[in-house]
Structure formats: structure tokens, C-alpha cells
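A short write-up of the structure that comes next.
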Amino acid sequence: MQKEKKAKDNFYAKVYALVRKIPEGKVSTYGAIAEKIGTKLSARMVGYALSQCVGTDVPAHRVVNRFGALTGKHHFGPPDLMKRLLQDEGITFNADETVKMERHFYDFKRQRRRR
DNA sequence: CGATTGACGTTAA
DNA sequence: TTTAACGCCAATC
């Protein structure tokens with residue numbers, strides 16, 4: 001029985017699941033993930049959850065803020081690691097270490113649309 | 001249990 | 001235009 005464990009427990013699981021399914025060469029935003037999870041009012045939690053995901057199967061480096069800025073690069077250890085990982089996956093940057101969202105933004109709602 | 005923080009986002013001044 | 005504060009939700013201290 002045990003009814004479904006509170007959805008709250010799924011919060012992290014949801015974040016991880018979504019981020020984990022981000023294809024390489026693509027990036028997503030906290031707001032988009034938060035919205036997909038259902039707590040779009042708390043994009044902060046998404047980032048917070050991701051901070052715990054470093055060291056797991058979740059490619060947190062593919063998650064950036066709305067501006068495409070690598071807000072959490074400092075959580076990866078080396079400050080340039082995040083940018084390096086993204087570039088290594090084929091992601092391009094603008095001038096200020098910001099991901100070209102127009103090119104690499106992964107829309108969870110639009111994932112059906114094949115390129 | 002209470003207060004603070006946190007990889008954001010949005011609106012106001 | 002730029003800067004500041006608020007709001008949200010959950011986790012951590």
C-alpha cells in the first residue's frame with residue numbers, strides 16, 4: 001500500500017530525470033525544468049537540487065539560467081569545467097560564457113518536435 | 001521548530 | 001537604463 005510517497009520526494013527525482021534526459025549538445029533552464037516539474041514558481045529549487053546532483057548521473061552542466069549563463073559553474077569545481085564540458089559536447093557560447101540558447105535550448109515541451 | 005540560504009525569475013523604484 | 005527587493009519552495013543549520 002503505501003501510498004505514493006509525497007510528491008516532494010519526487011522533486012529531486014524529477015529534476016534529475018529531466019536533466020538526465022537532456023541530449024548532448026543541448027541545454028535547459030531552471031525555469032523550464034521547474035515548470036515541467038510543476039513548481040515553476042520555484043526555479044531556485046531546481047538549481048539547488050542540481051547542486052546536489054554534481055557527482056551523479058545528472059549532467060548539471062547542461063542546465064543554465066534563463067540567460068544561458070553558467071551560473072553554477074563554480075559548483076563543478078574548476079570554474080571553467082562547466083564551459084569546457086558544454087563546448088566539448090558541441091555547444092557554442094556567445095561572448096560572455098553564455099550558451100547560445102537559440103541554438104542549444106532544449107525545450108522539454110517541444111521535445112516532440114524533432115529538430 | 002525557527003531562521004537562513006540557495007546554480008532563479010519577475011516586477012518595482 | 002540600472003539596481004534593488006520580493007516571491008517561491010525546499011533543504012540545511
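The chains referred to below are lettered A, B, ... by the order of the sequence lines, with proteins before strands, and numbering in each begins at 1. FYI, side chains are in, hydrogens and waters are out, and symmetry mates aren't considered; it's all heavy atoms of this structure.
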| said: Rounded to the nearest 0.5 Å, what separates atom NZ in A/Lys36 from atom CG in A/Asp107? | reply: 8.0 Å
| According to the salt bridge (charged side-chain N to carboxylate O under 4.0 Å, His left out) rule, which pairs have a member within residues 37-48 of chain A, sequence neighbours left out? | none
| Side-chain contact, heavy-atom cut-off 4.5 Å: A/Val99 with A/Thr92? | no
| Under a 3.5 Å cutoff on both atom distances, Watson-Crick or G-U, what's the dot-bracket for DNA chain C ([ ] crossing, | other strand)? | .||||||.|||||
| said: Nearest whole Å is fine: how far is B/dT10 P from A/Tyr30 OH? | reply: 14 Å
| task | Could you list all the salt bridge (charged side-chain N to carboxylate O under 4.0 Å, His left out) pairs where at least one residue sits in residues 54-73 of chain A, not counting sequence neighbours? | result | A/Glu24-A/Arg62, A/Arg62-A/Glu89, A/Lys73-A/Glu97
| request: Would you mind telling me which of B/dA7, B/dG9, C/dT12 lies closest to the side-chain atoms of A/Gln52? | output: C/dT12
| said: Among C/dA11, B/dC8, B/dA7, which nucleotide has an atom closest to any side-chain atom of A/His75? | reply: B/dA7
| remark: Atom CG of A/Asn65 and atom C1' of B/dC8 are separated, to the nearest Å, by 8 Å
| said: Would A/Gln52 and A/Tyr16 count as a side-chain contact (heavy atoms from CB on, under 4.5 Å) here? Give the steps. | reply: CA-CA 10 Å; A/Gln52 322 290 306; A/Tyr16 298 151; 3.7 Å; yes
| said: Over all strands shown, is A/Phe67 touching base, sugar-phosphate only, or nothing at heavy-atom distances under 4.0 angstrom? | reply: nothing
| query | Is there side-chain contact between A/Val15 and A/Leu50, with at least one heavy-atom pair below 4.5 Å? | reply | yes
| said: Test your reading of the model: is there a side-chain donor-acceptor pair from A/His104 to the backbone of A/Gly25, 3.5 Å cut-off? | reply: yes
| What are the residues of residues 92-103 of chain A, sorted by number, that bring a heavy atom to within less than 4.0 Å of DNA chain B? | none
| field | Nearest-0.5 Å distance that lies between atom CD1 in A/Ile33 and atom CD1 in A/Ile22 | value | 5.0 Å
| request: Measure the distance from CD1 on A/Ile33 to C1' on C/dA10 and round it to the nearest whole Å. | output: 16 Å
| said: Considering every strand and a 4.0 Å limit on heavy-atom distances, what is the contact class for A/Thr39: base, sugar-phosphate, or nothing? | reply: nothing
| query | Going by modelled atom types, is there a donor-acceptor pair between the base of C/dG7 and the side chain of A/Arg44 at under 3.5 Å? | reply | yes
| field | Contact residues, residues 56-63 of chain A to DNA chain B [heavy atom, < 4.0 Å] | value | A/Ala60, A/Val63
| query | For A/Leu18 and B/dA7, what is the distance between atoms CG and C1' respectively, to the nearest whole Å? | reply | 16 Å
| task | Just compare C/dA11, C/dC8, B/dA7 and give me whichever is closest to any side-chain atom of A/Tyr12. | result | C/dA11
| field | Atom-pair distance (CZ on A/Phe11; C1' on C/dC8), nearest Å | value | 10 Å
| task | Quickly work out the A/Lys36 NZ to B/dC8 C1' distance and round it to whole Å. | result | 19 Å
| task | Using whole Å, report how far CG of A/Leu41 lies from P of C/dG7. | result | 13 Å
| message | I'd like to know if the side chain of A/Asn94 and the backbone of A/Asp96 have a donor-acceptor N/O pair within less than 3.5 Å. | response | no
| Whole Å only: how far is the CG atom of A/Leu50 from the C1' atom of B/dT5? | 17 Å
| task | For A/Arg66, answer base if it contacts any base atom (sugar-phosphate contacts may also be present), sugar-phosphate if it contacts only those atoms, and nothing otherwise; contact means non-hydrogen atoms under 4.0 Å. | result | sugar-phosphate
| Partners passing ring pair (Phe, Tyr, Trp, His ring centres under 6.0 Å) against A/Phe76 (at least two apart in sequence or in another chain) | none
| query | Side chains of A/Phe108 and A/Lys21: does their closest heavy-atom pair fall under 4.5 Å? | reply | yes
| said: I want to verify a distance call: between C/dA11, B/dA7, B/dG9, whose nearest atom is closest to the A/Phe76 side chain? | reply: B/dA7
| request: Say whether A/Tyr48 and A/Ser42, considering side chains only, have a donor N or O and an acceptor N or O under 3.5 Å apart. | output: no
